[in-house]
Number of protein chains: 2
Amino acid sequence: MSLQPLNTETAESLPPVQRAGRITDTVHEALREAIFAGQLKPGTKLSVPALAKQLGVSRSPVREAVARLAQENLAVEETRRGAVVARIGTADLARLYEIREVLEGLATRLAVEHSGKKLVTELEGILREHRQAIDDHSAAAHTRADMRFHQVIREASGNPGLIELLKGLQAQVRLAMVTTTVTAGPVLALADHHAIFEAIRKADPEAAEQAARAHIARLRHNLEGVAKRT
Amino acid sequence: MSLQPLNTETAESLPPVQRAGRITDTVHEALREAIFAGQLKPGTKLSVPALAKQLGVSRSPVREAVARLAQENLAVEETRRGAVVARIGTADLARLYEIREVLEGLATRLAVEHSGKKLVTELEGILREHRQAIDDHSAAAHTRADMRFHQVIREASGNPGLIELLKGLQAQVRLAMVTTTVTAGPVLALADHHAIFEAIRKADPEAAEQAARAHIARLRHNLEGVAKRT
DNA sequence: AGCGATAAATCTACATGTAGAATTTACATG
DNA sequence: CATGTAAATTCTACATGTAGATTTATCGCT
């Protein structure tokens, strides 16, 4: 039951390390990664029998994994017609940012209220890496640092449901990025993160919430400016 | 494939009307309703074979429906151990209200920004019914009017993801209410709704957002006051 | 070549089979 | 009567079977 990489007709390639846990989870993760990597592009049909064959597992866990993708809004199901990878355009992305704006604001405020200097230290490290990524002109490292910054903050919020929702939103944003290449630019992102960090360091919940909201609002406005022109 | 009611050993009872759509959807809806009605209480094991037998369908759609409940946080899955109906206590509920506070605020502001007088008219009708429910001392009618008030507003927000999230939160709140009987009281709820309505009628987005947030914040504070005493 | 009809292939949605894990039950022992 | 233990039962997670819907391929006709 070793999973084979997508788009490969040939034999085994993953190490024989028995992945722990349920096959369903492994398949779900594999499909998510394939989607984020652009291997399964928006619009692609997610044929359960085909994927099962490619991955070397039965149809059951694939069916479950695809259903999960649909509930995460990474795929769209039509009855009796199967699922396709979701297409998230700039208009949809703007709607997602509306939600993210208030939720990131909330998470940041809660993080300041509950968390100590461990958070500050961790964010300092991430910002350092972020700066390095930009100096190196590494888009991949920039994205990684960007995502980790938000991840660390939301996980410090102490609200499990909030963490889950923000994870879900980030996944959708990641999918949107496969198609839409609209960013405010790494340098601006880092500047925003620095502002958020400063408010956290000063343990000012209100300022932190506002800075986080302003960050996402800026992303959204940038997006809407471009969308109008398209 | 006519679904039989839960907790019944005897024969058919639902009308022979062929419910349209997928069996999975019907089962999912049936389980949700059974949970909200308190027929499936928090902690109850959701045995797939047992439910399949009771509902007169095969295990496949039941399995899918239970998986969905888990993703909605109405059930909790443990690997190799199946799912149980989720137990949402006052502490969890407070966390949900933290999220709801900012999302209801957002939805209300967006509703004011996008929507016209149709919204105002509809809310007026709901508030009239709500007042009636309270005069009649009908808890059921109060709950229905309360839920509809929030439903109409969120659907006027024009943000599909936001609508979905708020629906999910409301479902979890409904489940919590099966166990926890902590309310600020119907009269206060109606007063809050009136305040929200007034801001909407005046087409004041900021005031509407603040009123909606204050409403949920009040519910949360009331809850936390009780939780401390428990 | 373009187009409609029809046949073949494919897929979804549901039903059913089953190994191995987890739980429950039965029963012996102190 | 409590408690450990082994047998029996039940369940999850995955594999597989299949009717009927949908899609794709084929082919005749213009």
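Side chains included, hydrogens not; waters and symmetry mates left out as well; all remaining heavy atoms used. Chain naming here is simple, since letters A, B, ... match the order of the sequence lines and numbering starts at 1 in each.
A side-chain donor-acceptor contact under 3.5 Å links A:Glu164 and B:Asn73. For the residue pair A:Glu72/A:His28, the side-chain donor-acceptor check at 3.5 Å is satisfied.
Between the side chain of B:Arg80 and the base of D:dT12, at least one donor-acceptor pair of N or O atoms lies under 3.5 Å. Between the base of C:dA13 and the side chain of B:Ser60 there is no donor-acceptor pair shorter than 3.5 Å.
What separates NZ of B:Lys45 from P of D:dT10 is a distance of 11 Å, to the nearest Å. Going from atom CD of A:Glu77 over to atom C1' of C:dC11 covers 13 Å, rounded to whole Å. Distance CG (B:Leu46) to C1' (D:dT10): 16 Å, rounded to an integer number of Å. Separating the CD atom of A:Gln54 from the C1' atom of C:dC11 is a distance of 15 Å, rounded to the nearest angstrom. In this structure, B:Arg63 atom CZ and D:dC14 atom P are separated by 7 Å, rounded to whole Å. Regarding B:Lys53, its NZ atom lies at a distance of 15 Å from the C1' atom of C:dA15, rounded to whole Å. Atoms CD1 (A:Ile23) and P (D:dT16) sit 11 Å apart, rounded to a whole Å. Residue B:Arg81 contributes atom CZ, which lies 11 Å from atom P of C:dT24 at whole-angstrom precision.
When distances are taken from the side chain of A:Pro49 to each of C:dC11, D:dC14, D:dT12, the shortest belongs to C:dC11. The nucleotide whose nearest atom lies closest to any side-chain atom of A:Thr24 is, among C:dA15, D:dC14, D:dA13, D:dC14. Which of D:dA13, C:dA15, D:dT12 sits closest to the side chain of B:Val48 comes down to D:dT12. Minimum atom distance to the side chain of B:Arg59 is reached by C:dT18, of the listed D:dA15, D:dC11, C:dT18.
As judged by a 4.0 angstrom heavy-atom cut-off over every strand, B:Ser47 is placed among residues touching the sugar-phosphate backbone only.
The pair A:Glu104-A:Arg154 fails the salt-bridge criterion, with no side-chain N (NZ, NE, NH1 or NH2) lying under 4.0 Å from an Asp/Glu carboxylate O. Salt-bridge annotation for B:Arg22 and B:Asp25: present, with a side-chain N of the basic residue lying under 4.0 Å from a carboxylate O of the acidic one.
Within the 4.5 Å cutoff, side-chain heavy atoms of A:Glu122 are placed close to those of A:Arg148.
Take the nearest nucleotide of DNA chain D for A:Thr79 and for A:Asp25: the residue whose nucleotide is more 5' is A:Asp25.
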